[in-house]
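As the structure is a computational prediction, the values presented were derived from the model and not from experiment. Letters A, B, ... mirror the listed sequences (proteins, then strands); counts begin at 1.
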Amino acid sequence: MEFKAIRGVEDILPPESLRFEKVVDTFKKTVELYGFKEVILPIFEEAKLFSRSVGEATDIVQKEMYIFEDKGGRVIALRPEGTASAVRAYVEHGVFAKEPFTKWFYVGPMFRFERPQAGRKRQFFQAGCEVFGLKNPGADAELIKMASEILKRLNVNAELEINSIGCKKCRPEYRRALIEFLREKVDSLCPTCKERLERNPLRVLDCKEEGCQRVVEGAPKITDYLCEECEEHYKKFKEYLNLLGVEFKENPLLVRGLDYYTKTVFEFKSSELGAQSTVLAGGRYDDLVKEIGGPDTPALGFAMGIDRVLLLLPEEEEKREGVFVITRGDEAYRKGLEVAEFLRSKGIKTQIDHRQGSFKAQMKAADRERAAFAVIIGEEEVQEGFFSLKELETGKQERVESLEELLGRL
RNA sequence: GUGGGAGUAGCUCAGUUGGUGGAGCGCCGGGUUGUGGCCCCGGCGGUCGCGGGUUCAAGUCCCGUCUCCCACCCCA
């Protein structure tokens, strides 16, 4: 085969595409219930936007971005995530000046140059939400409640883990304490963690290496180092989660891979997914809007991995719907074309068999297309001026005299 | 980027010590000159991922390469 989709990029054909749409539709309907409105954001941005927001030191920026120079000499990156663009748009259009708080959602492809695996493609799809202008812990709790509602409606079982990673006031102190602790045990750490120690010590906390995990068990906990404001926020946040009936597990080792997070972080994980188990995750990022050039504005959000949700969705049988028109002979075919258009004009999904094969072949097609009814027009029907209407589920067939009567029977 | 497994019909997979490639499902047709699903019969369908090598002879052995899967890593 000469042409193939490139590595890590895949086509989504029917019926999979129908399930994809169902996931997006469920997401949209749920978040709209909470007052979120859609933003449609560009797929590429100035590369600098991502190094600034996601973090210069992160793997996403260091080795996973698709970067190229356009013909105008601009350094462009395909977006590896959605939050950076949302924040940029929020600042660029002065949205903060128009409304006290903002709730946005977006859906679309993201790009990361990684080794492909199930649940990890180079082009993958996220549906995400962002909230700007709310510092209240109730907003955190409601956002997570909404996220759990989306998953529930999709019948996805996932466990929620939460943590607080503090703010720019208290995190540096914890960071110092952690580095100090880890330096003493440096010999027991894996090679990657030895490197992480100085540059990004929090990442050592969720290393899977057994030796590192044993070290981490005795390490200082971020939650013991939170400043008064962060501690109060975390406490209230948990209270509201309980109030809203959201089950969660506190995980003091939960840190996120992107630099912009502050205070609340959370992750929904599924045990049915193997290594790529995170289905939906996010957190608060109170400093990012200012970092991108806007006013000091608290914010929070999450993204859901649509491809991963799709892996968890059961395949279901397609429901019978609509009409399939079967004809025999030229005059009947002409009549059939008219009937099909008539039914469509009344909002009824209708197909007609253009192949002019045997009744048997056409009936088979009607069944395969999962039509609810077959309208049969043959010689007899043309001569006497009626239609035969067959209900495919039951096999019952009846004589229908007019288009109006046909419509009434469907 | 590292380590491991796998690529044979549209799909799921057999294929022995190297000797002219099979099944089930699906698709098309017939059994029913006007009727789907169940059953029976027949048919279409293959560059054995790709390239090279060994051999009289390669799906099978060797080398390279691409893709998928698993783990590391990363993350939604």
Participant: What's the closest nucleotide to the side chain of Ala361(A) if the choices are rG29(B), rC28(B), rC73(B)?
Facilitator: rG29(B)
Participant: Taking atom C1' in both rU33(B) and rG37(B), what distance in whole Å separates the two?
Facilitator: 23 Å
Participant: Looking for any heavy atom pair under 4.0 Å, which part of the strands does Leu392(A) touch: base, sugar-phosphate only, or nothing?
Facilitator: base
Participant: Should Gln117(A) be listed as having a side-chain N or O under 4.0 Å from OP1 or OP2 of rA71(B)?
Facilitator: yes
Participant: Starting at atom CZ of Phe50(A), determine the distance to atom C1' of rC75(B), rounded to an integer number of angstrom.
Facilitator: 16 Å
Participant: Starting the side chain at C-beta, find the nucleotide from rA76(B), rG30(B), rA71(B) nearest to Ala275(A).
Facilitator: rA71(B)
Participant: Would you call Asn163(A) and Thr223(A) a side-chain contact if the rule is heavy atoms closer than 4.5 Å?
Facilitator: yes
Participant: In terms of ring plane angle, is the pair Phe302(A) and Phe266(A) parallel, tilted or perpendicular, where the classes change at 30° and 60°?
Facilitator: perpendicular
Participant: Return no unless some side-chain N or O of Lys121(A) is found under 4.0 Å from OP1 or OP2 of rC69(B).
Facilitator: yes
Participant: Whole angstrom is fine here: how far is it from CZ in Phe105(A) over to C1' in rA76(B)?
Facilitator: 18 Å
Participant: Taking the same atom, P, in rC72(B) and in rC63(B), what whole-Å distance lies between them?
Facilitator: 28 Å
Participant: Just call it for Glu64(A): base, sugar-phosphate, or nothing, with non-hydrogen atoms closer than 4.0 Å on any strand.
Facilitator: sugar-phosphate
Participant: Students often get this wrong, so: under 4.0 angstrom with heavy atoms, is Gly119(A) touching a base, only sugar-phosphate, or nothing?
Facilitator: base
Participant: Do you know which of Val279(A), Val309(A), Leu312(A), Thr30(A) makes side chain to side chain contact (heavy atoms under 4.5 Å, CB included) with Leu154(A)?
Facilitator: Val309(A)
Participant: Determine the interatomic distance between C1' on rG10(B) and the same-named atom on rG52(B); round to the nearest Å.
Facilitator: 30 Å
Participant: Is Arg112(A) near enough to rC74(B) that one of its side-chain N or O atoms lies under 4.0 angstrom from OP1 or OP2?
Facilitator: no
Participant: Could you work out the separation of rC28(B) and rC44(B) based on their P atoms and round it to a whole Å?
Facilitator: 16 Å
Participant: With heavy atoms under 4.0 Å as the rule, sort Arg7(A) into base, sugar-phosphate or nothing.
Facilitator: sugar-phosphate
Participant: Which is more 5' along RNA chain B, the nucleotide nearest Gly395(A) or the one nearest Glu114(A)? Just name the residue.
Facilitator: Gly395(A)
Participant: Once you apply a heavy-atom cut-off of 4.0 Å, does Ala303(A) come out as touching a base, just sugar-phosphate, or nothing?
Facilitator: sugar-phosphate
Participant: Say you pick atom C1' in rC41(B) and the same atom in rG4(B); how far apart are they, in whole Å?
Facilitator: 47 Å
Participant: When we call it a touch if two heavy atoms are under 4.0 Å apart, what does Gln397(A) touch: a base, just sugar-phosphate, or nothing?
Facilitator: base
Participant: Looking only at side-chain atoms of Pro116(A), point me to the closest of rC68(B), rC75(B), rG3(B).
Facilitator: rC68(B)
Participant: May I ask you to say what Glu10(A) touches in the nucleic acid, namely base, sugar-phosphate or nothing, with a heavy-atom cut-off under 4.0 Å?
Facilitator: nothing
Participant: Between rC28(B), rG31(B), rC73(B), which nucleotide gets closest to the side-chain atoms of Asp59(A)?
Facilitator: rC73(B)
Participant: Taking the same atom, P, in rG24(B) and in rA14(B), what whole-Å distance lies between them?
Facilitator: 16 Å
Participant: Side chain of Ser388(A) only, please: which of rG34(B), rC74(B), rG36(B) is the nearest?
Facilitator: rG34(B)
Participant: Look at the side chain of Glu391(A) and the base of rG36(B), then say whether one donor and one acceptor between them are separated by less than 3.5 Å.
Facilitator: no
Participant: Any idea which of rG36(B), rA76(B), rC28(B) is nearest the Arg368(A) side chain?
Facilitator: rC28(B)
Participant: When the C1' atoms of rG1(B) and rG46(B) are compared, how many Å lie between them, rounded to an integer?
Facilitator: 37 Å
Participant: Can you check whether Arg370(A) has a side-chain N or O nearer than 4.0 Å to OP1 or OP2 of rG37(B)?
Facilitator: no
Participant: Expressed in angstrom and rounded to an integer, what is the separation of Arg328(A) atom CZ from rG34(B) atom P?
Facilitator: 6 Å
Participant: Select from Gln276(A) and Ala5(A) the residue whose nearest nucleotide in RNA chain B is closer to the 5' end of that strand.
Facilitator: Ala5(A)
Participant: Touch check for Ile60(A), heavy atoms < 4.0 angstrom, all strands: base, sugar-phosphate only, or nothing?
Facilitator: sugar-phosphate
Participant: Output the single nucleotide from rC73(B), rG34(B), rG36(B) whose closest atom is nearest the side chain of Ile376(A).
Facilitator: rG34(B)
Participant: Distance check needed: rC68(B) C1' versus Arg122(A) CZ, whole Å only.
Facilitator: 12 Å
Participant: Report which part of the nucleic acid Glu381(A) touches: base, sugar-phosphate, or nothing (heavy-atom distance under 4.0 Å, all strands).
Facilitator: base
Participant: Record whether the side chain of Arg120(A) comes under 3.5 Å of the base of rC70(B) through a donor-acceptor pair of N or O atoms.
Facilitator: no
Participant: Glu379(A) CD to rU33(B) P: how many Å, rounded?
Facilitator: 14 Å
Participant: Taking the side chain of Lys390(A) as its heavy atoms from C-beta onward, which of rC68(B), rU35(B), rC27(B) lies nearest to it?
Facilitator: rU35(B)
Participant: Provide the distance between the two C1' atoms, one in rG21(B) and one in rA58(B), to the nearest whole Å.
Facilitator: 13 Å
